[in-house]
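All remarks here apply to the structure that follows.
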Amino acid sequence: QVQLVESGGGLVQPGGSLRLSCAASGSIFSIYVMGWYRQAPGQEREWVAHITSGGSTTYAGSVKGRFTISRDNAKKMVYLQMNSLKPEDTAVYYCTQGRNYWGQGTQVTVSS
């Protein structure tokens with residue numbers, strides 16, 4: 001049984017930073033692509049970034065240059081460092097393993 005648990009969300013002012021964490025259990029973590037998605041109120045869930053088993057990263061255009069995804073295979077963790085946050089980054093952020101398993105989400109609110 002794969003479980004993903006996100007943490008690190010919160011309220012931050014525009015221009016601020018947050019670091020999201022996702023703890024995985026129940027799988028051979030290192031072999032899977034891990035990703036972050038987000039869903040704003042009234043909108044579809046959208047892809048944010050992903051990282052391969054080898055550490056290659058890809059980002060959505062809206063976050064490229066501001067967000068950084070990383071992973072620690074030994075700890076079964078994946079992270080999303082978010083800098084220069086904007087109000088439009090407000091959403092529930094979800095961690096996913098291969099888009100087959102999802103966490104419960106963590107709320108990020110960017111507001112002054």
Side-chain angles (χ1 to χ4, degrees):
Q1 182 80 13
V2 175
Q3 288 189 322
L4 302 171
V5 180
E6 302 97 334
S7 60
L11 173 64
V12 63
Q13 292 188 341
S17 298
L18 280 175
R19 188 195 195 204
L20 305 184
S21 300
C22 173
S25 62
S27 68
I28 306 173
F29 175 82
S30 62
I31 69 174
Y32 291 102
V33 173
M34 299 297 297
W36 287 95
Y37 282 68
R38 65 187 182 186
Q39 187 167 19
Q43 297 192 21
E44 298 280 322
R45 189 174 296 190
E46 66 170 354
W47 167 71
V48 174
H50 69 246
I51 183 166
T52 69
S53 59
S56 296
T57 58
T58 313
Y59 299 92
S62 59
V63 307
K64 194 170 185 179
R66 300 188 297 122
F67 290 11
T68 302
I69 188 172
S70 61
R71 66 191 296 163
D72 184 331
N73 288 336
K75 295 182 178 178
K76 293 188 176 182
M77 296 289 294
V78 63
Y79 305 99
L80 186 68
Q81 177 67 44
M82 305 186 295
N83 298 328
S84 302
L85 282 161
K86 305 175 181 180
E88 51 263 44
D89 294 318
T90 295
V92 177
Y93 283 71
Y94 297 91
C95 173
T96 180
Q97 181 185 88
R99 291 187 296 174
N100 293 315
Y101 298 97
W102 298 83
Q104 82 289 348
T106 186
Q107 176 71 47
V108 172
T109 302
V110 185
S111 175
S112 55

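Because the structure is predicted, anything quoted here is derived from the model rather than measured. Numbers here are sequence positions counted from 1. When reading the values below, keep in mind they use all heavy atoms of this one structure, side chains included, and skip hydrogens, waters and symmetry mates.
A single hydrophobic cluster is seen to contain both Phe29 and Leu80, as judged by linkage of ILVMFWY side chains at heavy-atom distances under 4.5 Å, directly or through other members. Linking ILVMFWY residues whenever their side-chain heavy atoms come closer than 4.5 Å, directly or via other members, leaves Tyr79 and Val63 in distinct clusters. Val2 and Met77 are assigned to two separate hydrophobic clusters, defined by single-linkage of ILVMFWY side chains at heavy-atom distances under 4.5 Å. Val78 and Phe67 fall within a single hydrophobic cluster, where Ile, Leu, Val, Met, Phe, Trp and Tyr side chains are chained together by heavy-atom contacts under 4.5 Å.
The two residues Ala91 and Ala40 have their closest heavy-atom pair at CB-N, 3.8 Å. Taking both residues in full, the closest heavy atoms of Thr52 and Val33 are given as CA-CG2, 4.1 Å, listed atom of the first, atom of the second, then distance. When all heavy atoms of Leu4 and Ala24 are compared, the pair lying nearest together is CD2-CB, 3.5 Å.
Atom OH of Tyr101 is surrounded by 12 or fewer heavy atoms from other residues, nucleotides or ligands within 6.0 Å. Atom CD1 of Ile31 has more than 12 heavy atoms from other residues, nucleotides or ligands within 6.0 Å.
The shortest side-chain heavy-atom distance between Met34 and Cys95 falls under the 4.5 Å cut-off. Tyr59 is not listed as a side-chain neighbour of Arg66, based on a closest heavy-atom distance of 4.5 Å or more. Looking only at side-chain heavy atoms (C-beta outward), Thr90 and Gln107 come within less than 4.5 Å of each other.
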Which atom pairs, one a donor and one an acceptor, fall under 3.5 Å between side chains of residues 14-23 and the rest of the protein, sequence neighbours left out?
unit_1: Ser17; atom_1: OG; unit_2: Asn83; atom_2: OD1; d: 2.9

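Arg99 places no side-chain N or O within donor-acceptor distance of the main-chain N or O of Gly35, the cut-off being under 3.5 Å. A donor-acceptor contact shorter than 3.5 Å is absent between the side chain of Glu46 and the backbone of Arg38.
Interatomic distance, Gln43 CD to Glu88 CD, rounded to the nearest 0.5 Å: 10.5 Å. Between the CG atom of Leu11 and the OG atom of Ser112 there is a distance of 9.5 Å, given to the nearest 0.5 Å.
Shown are Val108, Val12, Ile69; of these, the side chain to side chain contact (heavy atoms under 4.5 Å, CB included) with Met82 is made only by Val108.
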How far apart are the C-alpha atoms of Trp36 and Glu6, what are their side-chain angles, what is the distance that settles it, and do they pass the side chain to side chain contact (heavy atoms under 4.5 Å, CB included) test?
CA-CA 10 Å; Trp36 287 95; Glu6 302 97 334; 3.8 Å; yes

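Residues Tyr37, Trp47, Tyr94, Trp102 make up the rest of the hydrophobic cluster containing Val92, defined by ILVMFWY side-chain heavy atoms closer than 4.5 Å, directly or through other members.
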